[in-house]
Engineer: 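Below you'll find the structure I mean.
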Amino acid sequence: MATSRLAVGGGMTESYALAVGDRTHVRIRAISSGGAGVGDLPDGRVVFVHRTAPGDLVDIRVRKLHPRWGEGDLQEILEASPDRVTPPCRHYAQCGGCTLQHLAYEDQLLWKGRFVTEAMERIGKQSVEVPPVEPSPAQTRYRNRVTFTLRRLSAGHVVAGFHALGRPAHVLDVRGECLLPEPEILEVWGALHDAWKRGLRPLPSTKELRVTLRALPDGVVVVVRGGARGWDPALLLANVPNVVSVWHHAGGTPRAEHLAGRVVYEDWGDERLPVGGQAFVQVNRAAAESLVSYVLAQVGAGRTAVDAYCGVGVYGRALARDGWTVTGIEVDPEACKGASFEPPETFRVLEGPVEEHLPSALPADLVILNPPRTGLQEWVPGMLALRPPPRLIYVSCDPATLARDAARLGGVFGLESLRAFDLFPQTSHVETVAVFRSNRTA
């Protein structure tokens, strides 16, 4: 094993062979889009180290090594960066949920803008200015939807909480300490956690479950994933207050089943949509409302629009109520059901993959794209190029796939503007809105 030695900012003049398990010193120079600090190993390889800030000098243990990069675990902060702050959560060092609590909020926003720029330049091959990042109105207690993992260990011990940092097979037991959920979620989670710990079984009997809690104005929706069908939610309703609806997505089944409680609705702007077991709107309501308002302000002139990957149809329904004729396209049946609930007269929803229905929905004056983290299906940019709308708005939850798709669209569409929104404070996630204009007409 190599002897640990100090390395600051780059390679060394002498030969130095690193191995997994070695300890060394690294100066952190940046934050990666995954939230880890970025430094350089003594052998010149880039290394990623979570819970570090730019300017930190840290002692790390090498955990993984690849030909050009590696990962390290923080052992000690030798010199703290002036940008470092004390994380407010006592679980932060071990929990895999948040990634940026050790940075001041204004610095979190600065780095999120840089994540977008770096991806656009490195992957999209486009030189862009760092986009403004609109802050979240709240930096804690903003999540109205949270998923917890419950696991029964071999000795009968039960843990319930979040996956640990760098150890996804390990579950960190958490009750009410998490700073991100809305208070209503923490109340339900605390009662459910205590019931589980007391030996009650208000959920399916299985080794592991994932439980999603969604806070609504009139109560909390519980969605259970895993376990077999046939369990009775009566014990859950009797022991956990403020639960208004229970759904179960059994193992091996494609859809969630409504087991108990009443039908509840999500109020979003002027829309009132039924809440199911899988289809939900954004988790940070206040920040998402700013995002939606911004997108709708960018639509420009026109009469016809396509809302692709429309989910429950937030954009398409709003445009239709403003006089547009809109085609929504969504692959998830439950989301389609929500989008089609008491729709505006000029809004129709096509159920199926975007690449299947987009050709028949074009031409249009406007296309809004709001794909999942994987970005556009590979055929979609070509379909848009064949019958290009004058205006294209791309709402992205991942800068890397946005940049890849921007490059695919570049022959026909020019990038007009970029703006980012912080829907997930304390994490490295960022939402980006890219507005494109067509370089030619159909």
Side-chain angles (χ1 to χ4, degrees), residues 34-35 50-51 87 89-99 101 140-215 220-229 231 233 235-236 239-240 242-243 245-257 259 276-280 283-284 372-373 397 424 426-429:
H50 276 286
R51 304 304 189 256
C89 178
R90 70 182 183 88
H91 288 301
Y92 182 62
Q94 294 82 35
C95 184
C98 297
T99 50
Q101 277 192 20
T140 60
R141 300 286 180 253
Y142 64 84
R143 289 195 66 110
N144 56 34
R145 184 176 80 247
V146 180
T147 297
F148 301 89
T149 296
L150 291 85
R151 180 175 294 166
R152 182 183 293 109
L153 305 182
S154 56
H157 181 61
V158 172
V159 293
F162 302 116
H163 292 279
L165 176 68
R167 301 167 60 198
H170 178 73
V171 176
L172 184 70
D173 199 65
V174 175
R175 189 186 183 280
E177 303 92 338
C178 184
L179 301 177
L180 301 191
E182 292 183 353
E184 294 79 7
I185 289 180
L186 287 182
E187 179 184 2
V188 169
W189 172 243
L192 185 59
H193 182 279
D194 289 350
W196 186 266
K197 289 284 188 178
R198 290 198 310 269
L200 295 177
R201 293 293 176 260
L203 298 171
S205 179
T206 188
K207 183 177 180 180
E208 181 168 312
L209 295 169
R210 289 176 64 79
V211 179
T212 298
L213 306 180
R214 175 63 186 244
V220 174
V221 177
V222 177
V223 183
V224 180
R225 287 177 172 82
R229 288 176 168 175
W231 65 285
L235 193 60
L236 187 156
N239 286 273
V240 181
N242 206 30
V243 173
S245 187
V246 180
W247 293 73
H248 182 213
H249 192 162
T253 61
R255 300 292 165 200
E257 177 185 3
L259 298 186
Q278 295 175 179
F280 295 109
V283 302
N284 186 337
R373 185 165 295 276
C397 60
F424 303 94
Q426 317 305 335
T427 80
S428 59
H429 299 298

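Side chains are part of it too, since the values below use all heavy atoms of this structure and drop only hydrogens, waters and symmetry mates.
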Engineer: Could you check L192 against L203 for side-chain contact (heavy atoms from CB on, under 4.5 Å), going step by step and ending with a plain yes or no?
Structural biologist: CA-CA 9 Å; L192 185 59; L203 298 171; 4.1 Å; yes

Engineer: Let me check something: any side-chain donor-acceptor pairs from residues 163-171 under 3.5 Å, sequence neighbours excluded? List them with distances.
Structural biologist:
from, atom 1, to, atom 2, distance (Å)
H163, ND1, P168, O, 2.6
H163, NE2, T149, OG1, 3.2

Engineer: For P204 and G227, work out which heavy atoms get closest and say how close.
Structural biologist: CB-CA, 4.2 Å

Engineer: Would you be so kind as to tabulate the donor-acceptor pairs closer than 3.5 Å made by side chains of residues 183-191, with sequence neighbours excluded?
Structural biologist:
from, atom 1, to, atom 2, distance (Å)
W189, NE1, V174, O, 2.8
W189, NE1, R175, O, 3.1

Engineer: Kindly compute the distance separating SG (C89) from CD (E177), expressed to the nearest 0.5 Å.
Structural biologist: 7.5 Å

Engineer: Kindly compute the distance separating OG1 (T253) from CZ (R225), expressed to the nearest 0.5 Å.
Structural biologist: 10.5 Å

Engineer: Check step by step if side-chain contact (heavy atoms from CB on, under 4.5 Å) holds for V146 and L213.
Structural biologist: CA-CA 6 Å; V146 180; L213 306 180; 5.6 Å; no

Engineer: Nearest 0.5 Å please: distance from the CG atom of N239 over to the CG atom of L236.
Structural biologist: 8.0 Å

Engineer: For A160, is there any backbone N or O sitting under 3.5 Å from a side-chain donor or acceptor partner on D173?
Structural biologist: yes

Engineer: To the nearest 0.5 Å, how far apart are CZ in R145 and CG in N284?
Structural biologist: 11.5 Å

Engineer: Is it possible for you to check whether R210 lies under 6.0 Å from the centre of the six-membered ring of F148, through NZ or CZ, and within 45° of that ring's axis?
Structural biologist: no

Engineer: Would you call P181 and R141 a side-chain contact if the rule is heavy atoms closer than 4.5 Å?
Structural biologist: yes

Engineer: Given V222 and V211, is the side-chain contact (heavy atoms from CB on, under 4.5 Å) satisfied, shown in steps?
Structural biologist: CA-CA 7 Å; V222 177; V211 179; 3.9 Å; yes

Engineer: Is H249 close to R255 at the side-chain level, that is, under 4.5 Å between some pair of heavy atoms?
Structural biologist: no

Engineer: Is E208 salt-bridged to R151, cutoff N-O under 4.0 Å?
Structural biologist: yes

Engineer: Heavy-atom distance under 4.5 Å between the side chains of H248 and W231, does that happen here?
Structural biologist: yes

Engineer: Please check this pair: side chain of Q426 against backbone of T99, looking for a donor-acceptor N/O pair closer than 3.5 Å.
Structural biologist: no

Engineer: Nearest 0.5 angstrom please: L179 CG to H91 NE2, how far?
Structural biologist: 9.5 Å

Engineer: Once rounded to the nearest 0.5 Å, what's the spacing between atom CD of E182 and atom CZ of R143?
Structural biologist: 10.5 Å

Engineer: Specify the closest pair of heavy atoms between P372 and C397, including all atoms of both residues, with the distance to one decimal.
Structural biologist: C-SG, 4.1 Å

Engineer: Could you tell me whether the side chain of L180 reaches within less than 4.5 Å of the side chain of C98, counting heavy atoms only?
Structural biologist: yes

Engineer: Would you call T212 and W247 a side-chain contact if the rule is heavy atoms closer than 4.5 Å?
Structural biologist: no

